[in-house]
Amino acid sequence: MSVTATAIQITIDGRPVEVAAGSTILEACRSIGEDQPTLCYLENLTPVNVCRVCVVEVEGSRTLVPSCSRLVEDGMAVATDSVRVRHSRKMVLEFLASSTDLTTADPVVAEWMDHYEADPDRYGPAAPPSDDRDSRATGHHHVSDGLAAETVYQPAKIDNTLYMRDYSKCILCYKCVEACGADAQNTFAIAIAGRGFDARVSTEFDEPLTNSACVYCGNCIGVCPTGALMFRSEYELRRADLWHEEDQTVTTTICSYCGVGCNLELHVQDNRIVKVTSPLDHSVTDGHLCIKGRFGYEYVQELGDLATTPIDIVLAEARTK
Amino acid sequence: MEVPATASERDAVDGLLGPPESGWDGAQRTARDGRVSFGGFHMAAAQRDLLLPALHAVQSEVGWISRGALDYVCKRLGVPPAEAFGVASFYALLSTEERPPRVAHVCDDVCCRPHGATEIVAALEAAFGPAGTVVDGATWHPSPCLGQCDRAPAVFMQLAGEADAVLTRTNGEAVVAMLRGESVVVDGQPATVVGDLLLGRMGTIDPTSVESHVANKGYEALRRALEMGSAAVVAEVKASNIRGRGGAAFPAGIKWEAVANAPEETRYIICNADESEPGTFKDRVLMEGDPFLLIESMTIAGYAVGAQRGYLYIRGEYPAATALLQSAIEQARTGGYLGPDILGSGFDFDIEVRRGGGAYICGEETALMNSIEGLRGEPRNKPPFPTQHGLFGKPTVINNVETLMNVPTIVVEGGEAFARIGTERSAGTKLFCVSGAVATPGVYEVEMGTTLGELIDRAGGAVGDLQAILLGGAAGAFVGTDMLDLPLTFEDSSARDVSLGSGVVMLFNESADFPDLLRRVAAFFRDESCGQCVPCRVGTVRQEELLARHLTSGRPLDRALLGEIEEVMKDASICGLGHTAAIAIRSAIDIGLLETV
Ligand SMILES: Cc1cc2nc3c(=O)[nH]c(=O)nc-3n(C[C@H](O)[C@H](O)[C@H](O)COP(=O)(O)O)c2cc1C
Ligand code: SF4
Ligand code: SF4
Ligand code: SF4
Ligand code: FES
Ligand code: FES
């Protein structure tokens with residue numbers, strides 16, 4: 001938030017609110033405890049305002065506006081629960097849920113879907129996965145009979161032992177691209193490619209990550225809201241039906257590798273580290289880490305030939321294949 | 001993992017950028033490169049805008065952009081390969097999959113469809129197989145409107161290593177022959193052009209010669225403007241009340257004033273010549289017939305708002321207009337009408353032509369700016385508006401070709417005189433692109449306020465039994481014959497809930513297959529959505545599916561759901577593409593065109 005001395009008066013759903021000039025509508029809403037749904041917004045990334053689930057109605061504006069990025073103006077009258085707002089939010093959620101696998105998305109998405117009465121099934125049964133999403137001709141598509149609802153379902157990309165990408169779950173929120181780019185990592189290993197419904201996150205020519213500029217910082221995983229990007233450990237444990245988030249503990253510690261002092265959150269299940277995150281609001285990391293802090297925890301739990309329990313076997317395998 | 005470029009790929013890039021300086025930017029590595037570093041962030045930032053031209057250079061020379069070619073471009077410009085791939089794969093005319101040297105882009109859009117395109121497609125399917133099949137170094141693809149509807153059916157030929165070509169009033173036999181490498185006669189006949197003010201010189205001047213321009217009052221307006229001073233030019237444009245001709249009808253004077261008064265000194269002027277709205281061809285006709293007047297207009301605009309540089313962004317499928325404009329710019333430079341100290345006035349200004357890559361969305365002003373900057377052609381969120389934060393983040397005036405080409409008249413005759421033409425709220429004349437089932441398709445210039453029926457009469461009247469008119473383009477609406485009394489003004493059209501858009505008036509008679517046309521419109525928006533925002537990226541797909549479900553599977557049309565999709569696209573999309581993507585289809589259903597099944 002860029003705070004200036006000037007305060008601005010607006011109303012939110014009829015309530016007068018005073019906020020600092022330079023605040024976004026979302027920040028103003030949050031200041032009175034009225035959070036708005038957001039998918040492509042994150043405090044530590046530049047707003048791209050593409051998902052449109054955060055839209056609100058501003059008096060005098062022809063269209064709805066994205067609350068995550070629109071700045072407040074003096075006298076603005078904002079409605080966050082009007083018929084138009086509810087309709088657009090419902091449709092955005094339906095569009096995403098009818099085209100994307102949201103099974104591992106942040107559980108709050110399901111709450112919003114209930115709240116806005118989103119019914120993704122009314123677009124018809126989901127179309128099956130396709131294996132050509134990385135090579136479709138731009139500006140062209142196969143004409144369908146319309147009986148099934150087109151999806152982004154596709155085979156998962158598993159090309160390294162640290163993390164995997166399942167773009168069937170990708171809502172194209174641009175967060176991973178921003179985290180890999182100028183907002184955090186400055187590595188630019190991934191970008192949005194293609195156009196329209198065929199737009200996708202991709203390395204150049206869909207090269208495997210091992211041939212790309214990726215340095216495995218995992219910052220893209222840290223910001224992904226849908227689980228499209230996932231630690232191999234989590235992915236393999238889920239596949240083996242051994243992922244039990246409810247049984248996990250989260251221990252905060254400081255990375256032991258270098259002198260920067262990054263906060264690590266070790267997610268531990270059955271006495272095994274199963275993933276590592278860093279708090280978004282940590283002053284050193286802003287949620288971002290490097291490969292050592294993110295993935296270099298193996299030395300605490302050498303598994304190899306000693307793996308005997310089901311979870312150890314899965315984790316050991318994930319590290320070798 | 002780096003892949004080397006072939007010699008022809010490197011030559012294509014070096015032809016644009018010059019030879020590389022060291023191993024750091026793509027030359028052979030030498031021992032010296034190990035001791036001296038080169039490039040870095042600032043070099044990359046300063047050259048990023050050359051990305052699309054460099055990709056075009058490879059595409060035109062080699063026919064596709066290979067991994068090696070992309071890597072070489074990236075090395076030369078300091079662009080990360082993933083980002084360059086994201087840009088290359090955004091454009092339909094650039095191919096990141098191997099493509100043969102001869103490609104026919106066959107327009108199968110709303111005007112060509114009933115006027116011969118279906119036969120061309122059938123001939124190509126018979127000779128080559130389905131779209132995309134490669135036979136002997138050639139292939140074909142369907143294409144959205146090519147801006148040649150007055151000379152339908154049209155085909156754009158992308159030819160590696162040779163100049164691209166456009167075939168108009170063509171047929172399957174000619175397209176097949178050309179794909180086989182035989183030479184065919186390209187229809188060179190100009191469109192019908194009727195008008196006095198903007199189109200008055202059309203046909204009498206030679207578009208290849210600056211002398212011809214000068215002999216026909218060329219550069220009088222520029223001289224006049226330089227005498228008047230920049231503030232007076234802005235005042236005249238404001239007084240003229242001219243509103244933008246690109247579709248949004250925003251008063252030009254207000255934009256000009258905002259940029260002229262901007263606190264920043266670096267400013268830009270952009271001519272939007274992307275013209276990809278289906279049914280629109282007036283800007284092409286203007287540029288092909290009178291390119292010097294456009295260059296003069298941009299120079300006046302640059303002078304008025306204090307810009308140092310102008311960009312002319314022209315759609316990639318207009319090779320003839322592009323060549324004429326490039327030559328016009330060179331001749332203007334030689335004559336002292338462009339470059340440093342124009343006509344001894346002390347005003348420095350130059351113009352660069354940038355070629356689009358086959359993306360309707362790049363006509364949207366902020367997408368166009370991103371495209372010039374070497375980014376993906378995704379529209380920006382507004383505010384901030386281009387007058388504050390435009391090209392390269394600087395105050396920018398962007399105007400349509402037709403808007404700009406009215407400026408010389410405004411300067412010479414005065415803003416008030418211009419404002420007296422047309423109606424009070426719609427000043428001047430307007431060009432209309434009349435096509436389809438009409439006796440004489442072409443560009444017609446009429447005074448604002450002329451009725452739709454009068455305009456059609458001027459074009460010789462409808463052919464057959466007029467069923468519907470597509471007014472304003474695919475982003476416009478289908479209207480019935482009850483609209484023939486509509487005075488063609490911004491105020492009357494908005495009062496009757498339609499839009500003049502980019503001046504499209506496309507006629508359909510009893511032979512039109514409306515369900516098929518509506519599916520084409522739905523496919524158009526799906527193909528051309530940039531994909532950035534959810535309402536449009538998915539909404540255009542769901543809209544097309546609902547239509548298909550009804551038309552191919554005989555399910556009842558779910559009008560309520562279509563309406564809900566329209567609502568969210570209109571309300572929550574980022575840009576005008578999403579806002580208008582449902583209008584034509586809904587309007588057609590409203591006037592019963594789907595019931596003719
Ligand atoms: C999807 C889309 C496509 C557009 N295409 C064009 C175009 O091809 N040419 C054009 O002049 N304006 C186009 N526009 C309008 C421009 O955004 C902008 O309003 C215009 O260039 C301003 O110039 P004017 O004020 O002289 O009309 C398009 C807008 C949208 C939303
Ligand atoms: S792991 Fe890091 S470098 Fe690799 S794609 Fe993700 S953010 Fe980019
Ligand atoms: S992979 Fe995740 S973070 Fe990246 S765009 Fe998709 S949903 Fe967003
Ligand atoms: S409305 Fe469509 S074209 Fe415009 S920004 Fe959104 S996705 Fe892109
Ligand atoms: S959160 Fe605002 S547009 Fe996505
Ligand atoms: S050129 Fe074919 S529809 Fe316009």
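Note that the structure is a prediction, hence the values are computed from the model and not measured. Chain A is the first sequence line, chain B the second, and so forth, proteins listed ahead of strands; every chain is numbered from 1.
Contacts of Arg122(A) with chain B are made by both backbone and side-chain atoms, with heavy-atom separations under 4.5 Å. Both the backbone and the side chain of Ser89(B) come within less than 4.5 Å of a heavy atom of chain A. Heavy-atom distances place no part of Pro144(B) under 4.5 Å from chain A, backbone and side chain included. With a 4.5 Å cut-off on non-hydrogen atoms, Thr210(A) does not touch chain B at all. Both the backbone and the side chain of Ile192(A) come within contact range of chain B, each with at least one heavy atom under 4.5 Å from a heavy atom of that chain. Heavy atoms of Thr203(A) lying under 4.5 Å from chain B belong exclusively to its backbone. Contact of Arg99(B) with chain A is not made at all, since no heavy-atom distance falls under 4.5 Å. Both the backbone and the side chain of Ile565(B) come within contact range of chain A, each with at least one heavy atom under 4.5 Å from a heavy atom of that chain. If you measure heavy-atom distances from Tyr91(B) to chain A, the contacts under 4.5 Å come from the backbone alone. Proximity to chain B (any heavy atom under 4.5 Å) is shown, for Pro47(A), by neither the backbone nor the side chain. Heavy atoms of Glu97(B) lying under 4.5 Å from chain A belong exclusively to its side chain. Ala149(A) touches chain B through backbone and side chain together, each having a heavy atom under 4.5 Å away. For a residue to count as touching a neighbouring chain, one of its non-hydrogen atoms must lie under 4.5 Å from one of that chain's; by this rule Ser573(B) touches chain A with the backbone only. Residue Val55(A) touches chain B through its side chain alone, counting heavy-atom pairs closer than 4.5 Å. Looking at Leu71(A), there are no atoms closer than 4.5 Å to chain B (heavy atoms on both sides), in backbone or side chain. If you measure heavy-atom distances from Leu70(B) to chain A, the contacts under 4.5 Å come from the side chain alone. For Arg542(B), the part lying near chain A is the side chain, with the backbone staying farther off; criterion is any non-hydrogen pair under 4.5 Å. Residue Ala131(B): no heavy atom, backbone or side chain, is found under 4.5 Å from chain A.
Remark: the Arg136(A) side chain and the Ser130(A) side chain contain an N/O donor-acceptor pair separated by less than 3.5 Å. Side chain to side chain, Tyr41(A) and Gln36(A) fail the donor-acceptor criterion of an N or O pair below 3.5 Å. Checking Glu317(B) against His105(B) by side-chain atom types alone, no donor-acceptor pair falls below 3.5 Å. Donor-acceptor pairing under 3.5 Å is recorded for the side chains of Arg380(B) and Asn370(B). A donor atom on one side chain and an acceptor atom on the other are found under 3.5 Å apart for Asp527(B) and His141(A).
The aromatic rings of Phe205(A) and Phe85(B) sit tilted relative to each other, their planes meeting at an angle between 30° and 60°.
Between Glu117(A) and Arg86(A), none of the side-chain N atoms (NZ, or NE/NH1/NH2) sits under 4.0 Å from a carboxylate O, so this pair counts as no salt bridge.
Applying the 6.0 Å contact sphere to CD of Glu43(A) captures more than 12 heavy atoms from other residues, nucleotides or ligands. Within 6.0 Å of CG on Asp497(B) lie no more than 12 heavy atoms contributed by other residues, nucleotides or ligands. Residue-environment remark: CZ (Arg84(A)) exceeds the threshold of 12 foreign heavy atoms within 6.0 Å.
Between chain B and the residues Gly139(A), Cys51(A), Gly196(A), the largest count of heavy-atom pairs under 4.5 Å involves Gly196(A). Contacts with chain A were tallied for Glu528(B), Arg526(B), Glu83(B), Glu567(B); Arg526(B) has the most, counting heavy-atom pairs under 4.5 Å. Ranked by heavy-atom pairs under 4.5 Å with chain A, the first of Glu564(B), Met569(B), Lys570(B), Gln532(B) is Glu564(B). Chain B forms more heavy-atom pairs under 4.5 Å with one residue of Cys173(A), Ser144(A), Cys180(A), Ala213(A) than with any other, namely Ser144(A). With chain B as partner, the option from Ala199(A), Ala189(A), Gly124(A), Ser135(A) having the largest number of non-hydrogen pairs under 4.5 angstrom is Ser135(A). Chosen from Glu57(A), His140(A), Arg200(A), the residue pairing most often with chain B at heavy-atom distances under 4.5 Å is His140(A). Comparing Ala572(B), Ser95(B), Ala84(B) by how many heavy-atom pairs each has under 4.5 Å with chain A, the most go to Ala572(B).
Listed for the Arg549(B) side chain is a donor-acceptor partner under 3.5 Å among the backbone atoms of Tyr123(A). When atom types are taken as modelled, the side chain of Gln388(B) and the backbone of Phe385(B) share a donor-acceptor pair closer than 3.5 angstrom. In terms of modelled atom types and a separation under 3.5 Å, the side chain of Glu207(A) and the main chain of Ser212(A) share no donor-acceptor contact. Ser98(A) places a side-chain N or O within donor-acceptor distance of the main-chain N or O of Phe95(A), the cut-off being under 3.5 Å.
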